[in-house]
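For the numbers below, each heavy atom of this structure counts, side chains included, while hydrogens, waters and symmetry mates do not.
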Amino acid sequence: MGIFESAARRRRAAELERRLAELDEWDRVYGLGGVPRDTTWRYHSPDGAPPVRALDPAPYRAPHRGHRAPPPRRRGGRWVLLLLVGGIVGGAYAFPDEASALRGWATSAGRSVLGMPEVGERTAASAGPLPGGVAREGGLADAVRDRIQDVVPALEGLPTGWRPASGQRVLPAVDPGTRGAHAFVSTQPGSEVPVGFSPCGTIEVAVNPDGAPGDYAGIVEDSLGRLSAATGLHLELVGETDETWSMEPRSAGAPVVVAWSVAADVPELAGDRAGMGGATVLTGPDGWSWAASGQVVLDAADLPSREAHAAVLDHELAHVLGLDHVDDPGELMAPVNLGLTDFGPGDREGLAALGAIACP
């Protein structure tokens with residue numbers, strides 16, 4: 001029995017030593033006192049590697065000498081994103097026309113997904129189509145129009161604090177009852193809807209009396225009345241101002257300024273140019289543009305009569321509202337006036353269309 005007891009003690013000692021080694025291995029792998037989630041082990045590394053569970057597909061093999069762990073994987077996604085954004089911005093500056101077309105496509109797609117009408121679907125307030133007969137004289141030698149486009153450029157983006165008036169029209173839309181040649185300074189993208197003022201608000205006008213004729217207030221009020229009747233827009237004289245014609249566009253929401261001057265103070269009036277007028281136009285994030293203010297200057301030295309002042313003022317205020325020149329001597333919006341003192345049939349059709357723009 002002594003031999004068997006000795007062998008049994010040796011087996012117990014070996015088992016105890018094995019289990020103590022296993023506990024030491026757990027302490028090394030899982031921390032002092034830590035244990036694995038299960039104790040179903042099938043492999044113990046003679047090199048001291050962590051034990052492997054029975055469900056693991058293969059035992060862990062310790063790296064041999066000279067083996068190097070693979071370097072950590074570098075993540076370049078951030079740089080790729082920065083390069084992509086930089087490429088988009090650079091492309092927009094390098095190819096503005098293509099960028100504008102892409103923006104229009106994206107806007108159209110977004111409006112389609114949201115169920116909003118396309119820009120081209122925003123027509124006049126009336127259910128019928130816009131008045132026809134639009135004349136686009138792209139090759140017209142139009143000194144006043146060209147100068148105004150340079151002096152009063154469209155501004156990108158709606159400034160904080162200003163929005164076109166919305167809600168209900170102030171005055172009813174006008175049926176011109178006539179047709180004729182007319183043109184707009186600009187139209188909304190992809191449509192024949194003209195760019196103009198919102199019919200849901202009042203277009204305020206202020207006069208600078210310096211250099212003006214004696215009856216300047218009556219001249220301006222009469223002109224505003226004629227344009228209101230022709231457009232259905234509410235134009236109102238709100239007082240006097242010391243502001244004059246400027247080479248910079250007027251601030252959005254500021255009153256339209258009517259002033260008189262001479263070529264010595266406004267060199268653009270040199271020659272046979274009797275006046276200039278144009279609007280400040282702002283374009284919103286949806287691509288829809290609105291007139292937000294404007295200015296007119298008349299040449300005090302070139303207008304001999306009240307009728308001449310009135311005719312030129314009507315012409316220039318029509319530019320402010322969005323009407324362009326046409327190569328038709330029978331219209332007041334012809335670049336050279338041959339004695340007309342009232343709007344022609346095409347002028348009235350175009351003015352009515354400018355007043356029929358739908359409220360925002």
Original post:
Does Leu171 share a hydrophobic cluster with Leu317, counting links as ILVMFWY side-chain heavy atoms below 4.5 Å and allowing steps through other members?
Top reply: no
**OP:** Test side chain to side chain contact (heavy atoms under 4.5 Å, CB included) on Val320 and Gln295 and set out the steps.
**Re:** CA-CA 7 Å; Val320 172; Gln295 55 183 331; over 6 Å; no
**OP:** Please confirm whether the backbone N or O of Val207 pairs with a side-chain atom of Glu240, one donor and one acceptor, at under 3.5 Å?
**Re:** no
Original post:
With no hydrogens and no angle check, is any side-chain donor or acceptor of Ser251 less than 3.5 Å from a backbone partner on Ala254?
Top reply: no
**OP:** List the atom of Val281, the atom of Ser289, and the distance in Å for their closest heavy-atom pair.
**Re:** CG1-CB, 3.9 Å
**OP:** Given side chain to side chain contact (heavy atoms under 4.5 Å, CB included), test Leu282 with Trp162 step by step and report yes or no.
**Re:** CA-CA 10 Å; Leu282 306 181; Trp162 184 87; 3.7 Å; yes
**OP:** Mind checking the CG-CG spacing from Leu313 to Leu224? Nearest 0.5 Å is all I need.
**Re:** 7.0 Å
Original post:
Going only through I, L, V, M, F, W and Y residues with side-chain contacts under 4.5 Å, is there a path from Val312 to Val257?
Top reply: no
**OP:** Identify the two heavy atoms, one from Ser191 and one from Val193, that lie closest to each other, and give their separation to 0.1 Å.
**Re:** OG-N, 3.2 Å
Subject >> Over all atoms of both residues, closest heavy-atom pair of Ala263 and Leu269 >> reply: CB-C, 4.0 Å
**OP:** Look at the side-chain heavy atoms of Ile, Leu, Val, Met, Phe, Trp and Tyr, link any pair under 4.5 Å apart, and say whether Leu321 and Val174 land in one connected group.
**Re:** no
Original post:
Are Tyr216 and Glu221 linked by a side-chain donor-acceptor pair shorter than 3.5 Å?
Top reply: no
**OP:** Determine the sole option in Thr178, Asp342, Asp175 for which the side-chain hydrogen bond (donor to acceptor under 3.5 Å, both in side chains) test with Arg348 is passed.
**Re:** Asp342
Original post:
Are Leu338 and Leu332 grouped together when hydrophobic residues (ILVMFWY) are joined by side-chain heavy atoms under 4.5 angstrom apart?
Top reply: no
Original post:
Within the side chain of Gln188, is there an N or O that forms a donor-acceptor pair under 3.5 Å with the backbone of Trp288?
Top reply: no
Original post:
Going through the checks in order, is the side chain to side chain contact (heavy atoms under 4.5 Å, CB included) test met by Glu243 and Asn208?
Top reply: CA-CA 6 Å; Glu243 295 182 272; Asn208 186 329; 5.6 Å; no
**OP:** Looking only at non-hydrogen atoms, find the nearest pair between Pro194 and Ala353 and report the distance.
**Re:** CG-O, 3.9 Å
Subject >> Side chain His319, main chain Leu323, donor-acceptor under 3.5 Å >> reply: yes
Original post:
Can you find a pair of side-chain heavy atoms, one from Val297 and one from Ser261, that are under 4.5 Å apart?
Top reply: yes
**OP:** Examine distances only and state if a side-chain atom of Thr241 and a backbone atom of Ala206 form a donor-acceptor pair shorter than 3.5 Å.
**Re:** no
Original post:
Is there a donor-acceptor pair closer than 3.5 Å between any side-chain N or O of Ser228 and the backbone N or O of Leu233?
Top reply: yes
Original post:
Does Ile203 belong to the same Ile/Leu/Val/Met/Phe/Trp/Tyr cluster as Leu237, with side-chain heavy atoms less than 4.5 Å apart forming each link?
Top reply: yes
Subject >> Donor + acceptor pair across side chains of His325, His182 (<3.5 Å) >> reply: no
Original post:
How far apart are the closest heavy atoms of Ser198 and Pro164, and which atoms are they?
Top reply: CB-CB, 4.2 Å
Original post:
Looking at OG1 of Thr280 and CD of Glu248, how far apart are the two atoms once the value is rounded to the nearest 0.5 Å?
Top reply: 10.0 Å
**OP:** Starting at CG of Asp327, measure out to CE of Met333 and round the result to the nearest 0.5 Å.
**Re:** 13.0 Å
Original post:
Less than 4.5 Å apart, any side-chain heavy atom of Asp324 and any of Val326?
Top reply: no
Subject >> Ser223 (side chain) donor-acceptor with Ile219 (main chain) under 3.5 angstrom >> reply: no
**OP:** Check whether any side-chain N or O of Arg169 sits under 3.5 Å from a backbone N or O of Cys359 as a donor-acceptor pair, and report yes or no.
**Re:** no
Original post:
Can Asp299 and Arg273 be counted as an ion pair, charged N to O under 4.0 angstrom?
Top reply: no
Original post:
Do Trp290 and Ile357 come close enough that some side-chain heavy atom pair is under 4.5 Å?
Top reply: yes
Subject >> Check: Val238 main-chain N/O paired with Glu204 side-chain donor or acceptor under 3.5 Å >> reply: no
Subject >> Closest approach of Pro360 to Ser166 (non-hydrogen atoms, all atoms of both residues) >> reply: O-CB, 3.5 Å
Subject >> Side chains of Glu316 and Leu298 in contact at under 4.5 Å (non-hydrogen atoms) >> reply: yes
**OP:** Determine, step by step, whether Phe343 and Leu351 satisfy the side chain to side chain contact (heavy atoms under 4.5 Å, CB included) criterion, reporting the C-alpha distance in whole Å, the side-chain angles of both residues, the deciding distance to 0.1 Å, and the verdict.
**Re:** CA-CA 10 Å; Phe343 290 115; Leu351 291 170; 3.9 Å; yes
